[in-house]
Structures are given as C-alpha cells and as structure tokens.
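Comments concern the structure below.
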Amino acid sequence: MTSPSQATKPGADTPGPEDGGLSSTRAAKNGNDLVGRSPGQLMWMRFKRDRVGVISACIVLAFFAMAALAPVISKLYGKDAYTRYGQQAPVGELLNDNSYPVKPNGGMSSEFWFGIEPGLGRDVFMQLVFGIRTSLSLAVAITILSVLTAIVIGVAGGYFGGRVDYFLGRLTDLMMSFPNQLFFVAFTPVIMALFVDPQDEMPTWMRACVLIYVMWLLGWMTLARLLRGQTLSLREREFIEAAKVAGTPPVRIIRKELLPNLVTPILVQSTYMLPNFVTAIAGLSFLGVGMPEPVPDWGRMFAKGAEVYQSDITYMFFPGGAMVIFILAFNLLGDSVRDAFDPKAGR
Amino acid sequence: MLRFLIRRSLGAVVILLIISAVTFFLFYAVPRDPAMLACGKNCTPDSLAVIRKNMGIDEPIPVQYWHFMVGIVAGRTFAQGDCPAPCFGYSFANQDPVWETILDRFPTTVSLTLGGAAVFLFIGLGAGMIAAWKKGTIIDKAFSSFSLVLSSMQIYFIGPLVLALVVYNMELLDQPKYVPLTQDPGGWFMGLLIPWCVVQIIFTANYTRLSRSSLIEQLQEDHVRTARAKGMSSRYVFFRYAWRGSLIPIVTIFGVDLGSLFGGAMITEWTFSLPGLGTLAVKSVQNTDLPMVMGVMLFAATFIILFNIIVDAAYAFIDPRVRLS
C-alpha cells in the first residue's frame with residue numbers, strides 16, 4: 001500500500017507524493033529509460049535471466065502437469081495403473097514362473113515403456129505417473145496447510161508480542177523437539193485408528209487425510225519461526241507505525257502492510273518445504289505406513305524396488321530417477337527464486 | 001555455564017513430560033478401545049482380555065498415565081512379573097520387556113548414527129573447506145554441483161542400489177550387519193561401512209554448502225582481515241580464525257539435524273535390516289505394539305533432547321560471545 005515502488009508507478013490515478021509524481025512525469029518525458037517497477041516485476045525479470053532457474057522451473061512444471069494430466073496420459077497411453085497386465089496374460093508371455101518380467105530390463109518394450117511390475121504385473125509407467133500424482137497432491141495440500149499455519153502463528157507471535165509471543169514460541173519449540181520421522185511413523189496408524197476401527201478397512205481418502213494431518217502438524221515450525229523474526233523487525237518500521245497512528249485496525253495492518261513484505265520468505269521457504277514433504281511421504285510409504293495398495297504411490301514403488309532389486313533392478317530406476325530429477329530441479333528452483341527475490345543474499 | 005546447563009535440563013524434563021503425556025494420551029486415551037487397537041487385525045477374545053488386564057484399562061486415563069510414569073521411576077508389577085526400575089511395560093506382540101529390548105537395540109543405532117555423523121561431518125566440512133579455499137575455481141564448482149546432485153538422492157533409493165552393486169554384483173563387501181564393537185571391532189567396521197556411507201548422503205551436501213558459505217563469509221570478517229594485515233600466514237588465518245568462526249552455524253544446524261539423523265537411521269536400518277531402534281519402531285508400529293512404540297518414542301526423544309543440550313554447550317565453547325552473555 002505504501003511501498004515506495006508503488007508510489008513511482010507510472011499512470012497511478014491518485015497523485016502520489018511530490019517526488020514520486022515528479023519522477024513518473026520525468027520518466028514519461030524521457031521515454032522508457034526510467035520505468036517504475038513493482039518488486040514482483042523486478043523479481044520476475046531477474047528470474048527470467050537465470051537460465052538454470054527457468055529450466056528447473058520447466059521441469060517442476062512438467063512434473064505437476066504430468067500429475068494433473070495423469071488420466072489423459074493414461075488414455076493416450078492406453079493403459080491404467082490398476083490392471084494387472086502381467087497376471088492376465090498367460091504365464092511366460094509377460095511374467096515368468098517366478099513372477100518376474102520375461103523380457104530383459106524389467107520387461108521394457110514398446111508396449112510397456114518402463115516395463116512391468118514384478119509380482120502383480122502392472123504397468124510401471126502408469127504406476128509412476130499416478131504415483132507422482134498421489135504424492136504431489138498430498139505434498140501440495142500439506143505445504144498449503146503448513147504455510148497458512150506458519151503465517152498465522154508466526155505473524156501473530158511477532159506482531160502482538162508479549163504473552164502471545166511467549167506462548168506461541170514455546171509451542172513452536174515443543175513441536176520442534178519431537179523426533180518427527182519417528183512421530184510420523186508412530187502416529188499415522190494411531191490417528192487412523194481414531195477415525196476407523198482397526199478391524200475395518202479404511203477408505204483411501206481418509207488415509208490421505210491422516211497423512212496430511214500428521215505431516216502438517218509437524219511441518220509448519222521452521223517457517224513460523226522465520227516469519228516471527230521478520231514480523232518482529234517489520235513491526236518497528238515507520239510505515240507500520242504510520243498505519244498504527246492513522247488508526248488502522250491490526251487485522252488490516254497485518255493484511256495490507258505486513259503480509260506483502262513477507263511474500264519473499266514464504267515463497268522461498270515453500271519451495272524448500274514441498275520437496276521435503278514429497279521425500280518424507282515417500283519415506284513413510286517405504287516403511288509401510290503410507291498409502292495402501294491398489295492406490296499407486298511413488299514411495300511404495302521404492303519399497304517394492306527394495307524387495308525385488310536382486311532380480312529386477314530396472315524397476316527401481318524409474319521411481320528413483322524421477323525422484324532425483326524432481327528434487328534436484330525443485331532445489332535449484334528454490335535457489336533461483338531466492339536469488340531473484342534477494343540478489344544480495346548470494347550463495 | 002552450570003546455570004545454563006541446569007536451566008536447559010529443567011526445560012528438557014518439561015518437554016519430555018509433555019511428549020510422554022501427548023504420546024500416552026494419543027495412544028491410550030483417544031481410540032475407542034485401546035485394547036482393540038493394540039490387538040490389531042488378528043484379534044482373539046483371549047488376547048484381548050490379556051491386553052485389557054495388562055493395560056489396566058478399567059482405570060481412568062490420568063491414573064493410567066500416573067502408573068506409567070511411576071513405573072519408569074520406581075518400577076511396577078505386571079501380570080508377566082515384576083518390572084524393575086525404568087519400567088516401560090511389556091510388548092503386546094511377544095511379551096518381551098520393553099526396556100531390555102530397547103537397551104538391546106540401542107548400540108546398533110548409536111553406532112550407525114555416530115558413524116554416519118562422523119562420515120558426513122568429515123566429508124561435508126572437508127569438501128566445504130576446499131571449495132571455500134579454492135573459491136570460484138573449477139574445484140569449487142565441481143564440489144558444489146556434485147553436492148547438489150547428492151542432496152537429491154534418497155536413502156531408500158541409494159541403499160538397495162549400493163547393495164546390488166557392491167554386495168551382489170562386485171562382491172566387495174558382505175551384506176551389512178551389526179557386530180558389537182566390543183566383540184569384533186573389524187567386523188563392526190566392515191559390517192557398518194555401507195550403512196554409514198548411505199545414511200550420510202542426505203546430510204553431506206547440506207554441510208558442504210553450509211561450511212563453504214559460512215567460511216567465505218568468515219574470510220571477509222574484520223578480525224580475519226586484521227590477522228592478515230598483521231602478517232600472519234594465510235594458512236594460519238584460515239584455520240585458526242576463519243574456520244573456527246565458520247563452525248558456529250554448522251554446530252547449530254547439527255543440533256537441529258539430530259532428529260532427522262534418527263529418521264535417516266530408521267530408514268537405513270530398515271533398508272539393510274539392521275537390528276536397531278528404527279527397525280524396532282517400524283516393526284512395532286506395524287504390529288500396533290503400543291508399549292514398544294511408546295518406549296522407543298520416549299527413548300529417542302530423550303536422546304535427541306540430551307544431544308541438543310550437549311550441542312548447545314559445544315556452541316558456547318566455540319563462540320565466546322555466547323559464553324559471556
């Protein structure tokens with residue numbers, strides 16, 4: 001609202017402060033050599049110049065597109081993630097007596113691009129695409145929830161200070177001292193038992209909810225701490241004071257003055273959080289407490305891969321390679337986003 | 001220093017009490033029938049009755065919690081017999097005492113985590129140091145990009161891959177296993193070599209990057225410039241002045257990473273089927289063996305918090321500014 005760059009924005013309807021108005025008229029006279037740009041525009045310009053960042057952004061977007069368009073891909077490819085092609089075909093055609101693919105390299109062929117899953121005989125390519133879809137939807141949900149929680153807790157603690165801050169700070173400390181991976185493994189079944197009797201079969205969507213809930217519970221602390229620190233220093237700045245003096249209600253100050261200044265840490269941190277959640281979910285599935293069978297899952301492919309790697313190592317390479325590419329691209333993207341927002345904070 | 005330690009220890013006790021209460025109440029209080037949950041999928045009325053009796057389910061939850069906590073401090077008597085001082089109860093799955101099982105599994109996890117930490121600190125700090133020393137050269141770039149790729153690897157992917165390559169294909173090493181250090185140091189080392197190298201991959205890259213950037217930052221500090229201006233050799237300045245200062249953020253991150261180090265150990269143990277606390281936790285969770293999960297949870301949390309205090313003390317040791325304030 002009162003950020004200096006907006007005051008110099010050309011073509012603003014309301015007459016800005018004296019110098020701002022002058023500079024914009026001067027800019028108009030001299031042609032294009034002096035253009036007012038919002039921080040967002042500056043960031044976008046810097047980001048576009050970063051070749052590594054753009055490439056990794058494309059890769060990340062490709063993964064998300066693949067996840068979103070999984071049903072379309074399935075239709076074009078002509079197979080789905082559930083059908084047990086290997087078991088339907090006569091023994092010896094796709095799978096041999098020991099339920100391993102007959103063809104070399106995990107049964108890769110023009111028909112089954114990434115081969116056939118040993119045992120159940122499902123199509124690996126479809127497993128992977130739909131598995132990525134499952135993992136990414138979970139991770140996106142967890143990231144959004146964690147970021148929102150972190151904003152509420154961090155900003156409230158930093159802005160209101162005093163007893164609220166003390167209480168929220170201790171809560172953050174407490175949550176941080178939980179051994180989180182152990183917590184995930186131990187609590188996922190317990191919380192599942194809260195909703196459904198362990199004797200009954202649990203609906204898939206509920207399992208997904210429990211996973212999201214457990215990860216969210218221990219996912220917000222780092223960002224909350226960061227935002228609290230930022231808010232604490234922003235609170236003392238003049239523009240906040242001015243807003244306070246003008247009688248702006250706290251909610252409006254937080255929404256209109258504070259939050260726009262917190263976009264950078266939020267965006268940068270979420271690009272680090274999301275891949276972490278993806279690997280954590282995959283780790284849970286690997287340990288056997290993630291999404292249950294028939295649902296295709298990225299992490300469970302690793303569990304399967306670890307079972308069969310002695311006879312069919314190819315199976316492991318597709319989920320593994322995809323994961324390495326995804327995490328690498330996401331990490332590089334995170335660095336680029338950070339550099340674009342804050343060129344001073346170089347590596 | 002002493003006051004700091006006392007204050008931190010008291011804080012740790014409070015946190016552990018809260019963790020135990022949260023864990024206990026979640027495990028025993030919220031599910032509609034804890035015995036049913038503990039009993040799992042293949043439940044018979046007999047085993048249900050046994051579990052109910054052992055859990056003391058007829059009592060109100062706070063009383064149960066009280067008994068549990070008293071049991072840890074003073075021991076208690078169960079249907080299976082007397083359970084001496086740090087009593088965490090008996091496993092539902094195989095009626096083993098929880099405490100003894102944990103003590104039995106503990107050395108494996110300690111060997112794995114400490115050895116892994118030694119590997120990633122050595123490689124990470126060393127690579128970061130060389131990269132900072134040769135800043136901007138091809139060595140620096142190679143180290144940085146290599147560590148980036150490495151940081152995208154996952155234990156559950158690399159573990160089986162290394163096994164397939166080193167153990168089954170090239171037959172360089174045996175299948176990883178745990179041999180007590182006191183029994184056979186050589187076997188201990190060789191058995192854990194692969195797990196160490198695998199558990200470190202998720203950490204090394206981070207430490208390389210961190211130690212590189214913090215060293216570069218330190219090299220621009222005033223005290224380093226002054227030391228140079230006094231005519232000290234650059235090697236002396238590098239190690240005695242800059243390197244020491246660069247350790248501060250690393251120690252902080254190391255304290256934060258302890259929890260994930262345990263998590264990494266859990267996945268590593270599971271991958272190589274080493275008999276550690278992580279395998280115990282996962283197995284117990286799969287069997288819904290609540291006393292065991294509860295025990296491992298509290299034990300691991302205690303250790304992580306304890307190590308955090310040690311790390312904070314080390315922090316004060318390295319950074320005089322912390323010591324004085």
Side-chain angles (χ1 to χ4, degrees), chain A residues 170 173-174 176-195 197-199 218 222 275-276 278-280 282-289 299 301-303 305-310 313 316-317 319-321 323-332 335 346-347, chain B residues 11-12 15 18-19 22-23 26-27 30-33 36-37 39-41 43 144 148-149 151-161 163-164 168 202 209 212-213 216 256 258-260 262-264 266-267 270-271 278 281-282 284-286 288 290 293-294 296-297 300-301 303-305 308:
Chain A
R170 292 295 82 72
D173 284 347
L174 175 72
M176 275 187 126
S177 62
F178 271 95
N180 44 6
Q181 223 131 0
L182 181 59
F183 180 92
F184 295 150
V185 171
F187 280 81
T188 314
V190 172
I191 296 181
M192 281 175 188
L194 284 186
F195 296 112
D197 197 293
Q199 308 279 333
L218 288 185
T222 318
N276 278 341
V278 170
T279 55
L284 277 188
S285 300
F286 178 72
L287 295 175
V289 283
M301 293 183 83
F302 289 100
E307 265 170 46
V308 301
Y309 70 93
Q310 290 185 42
I313 193 143
M316 190 92 181
F317 273 106
M323 178 82 82
V324 170
I325 294 170
F326 178 75
I327 304 293
L328 185 63
F330 227 114
N331 284 343
L332 287 171
D335 288 351
R347 286 166 222 181
Chain B
I15 286 178
I18 295 176
I19 289 184
V22 169
T23 319
L26 258 178
F27 278 178
V30 200
R32 273 153 292 178
D33 188 351
M36 207 67 153
L37 173 67
C39 212
K41 288 226 163 97
C43 199
S144 299
L148 243 171
V149 175
S151 71
S152 321
M153 304 284 180
Q154 298 300 319
I155 294 176
Y156 36 82
F157 174 44
I158 295 300
L161 227 56
L163 272 188
Y168 293 104
I202 48 172
R209 290 168 88 182
R212 176 184 174 273
S213 63
I216 288 173
V256 176
L258 279 170
S260 30
F262 185 81
M266 197 154 70
I267 292 181
W270 188 249
T271 311
V282 178
S284 316
V285 165
Q286 286 177 354
T288 36
L290 294 186
V293 178
M294 180 91 196
V296 176
M297 184 93 187
F303 249 83
I304 289 168
I305 291 172
N308 258 314

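Proteins come first, then strands; the chains are lettered A, B, ... in the order of their sequence lines, and each starts at number 1. For the numbers below, each heavy atom of this structure counts, side chains included, while hydrogens, waters and symmetry mates do not.
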From Q154(B) atom CD to I327(A) atom CD1, the distance as rounded to the nearest 0.5 Å
6.0 Å
Mind ranking V22(B), V149(B), I267(B) by heavy-atom pairs under 4.5 Å with chain A and telling me who comes out on top?
I267(B)
Between G305(A), A329(A), P275(A), A282(A), who has the most heavy-atom pairs with chain B when the cutoff is under 4.5 Å?
A282(A)
Do I18(B) and R170(A) come within less than 4.5 Å of each other through their side chains, counting heavy atoms only?
no
Kindly compute the distance separating CZ (F262(B)) from CD (Q181(A)), expressed to the nearest 0.5 Å.
10.0 Å
Mind listing the closest non-hydrogen atom pair of L328(A) and L148(B) along with its distance?
CD1-O, 3.5 Å
Look up atom OG1 in T271(B) and atom CG in L287(A), then write down how far apart they are to the nearest 0.5 Å.
8.0 Å
From CG (N276(A)) to OG (S260(B)), nearest 0.5 Å
9.5 Å
Please examine the side chains of M323(A) and F157(B), heavy atoms only from C-beta on, and report whether any two atoms are closer than 4.5 Å.
no
Taking it one step at a time, do L161(B) and F317(A) satisfy side-chain contact (heavy atoms from CB on, under 4.5 Å)?
CA-CA 9 Å; L161(B) 227 56; F317(A) 273 106; 3.9 Å; yes
Can you tell me how far the CZ atom of F286(A) sits from the CD1 atom of I155(B), to the nearest 0.5 Å?
9.0 Å
Could you tell me which non-hydrogen atom of Y156(B) sits nearest to which non-hydrogen atom of G283(A), and how far apart they are?
CE2-CA, 3.6 Å
Contact origin within I304(B) toward chain A - heavy atom pairs under 4.5 Å
side chain
How long is the gap from CZ on F184(A) to CE on M266(B), to the nearest 0.5 Å?
9.5 Å
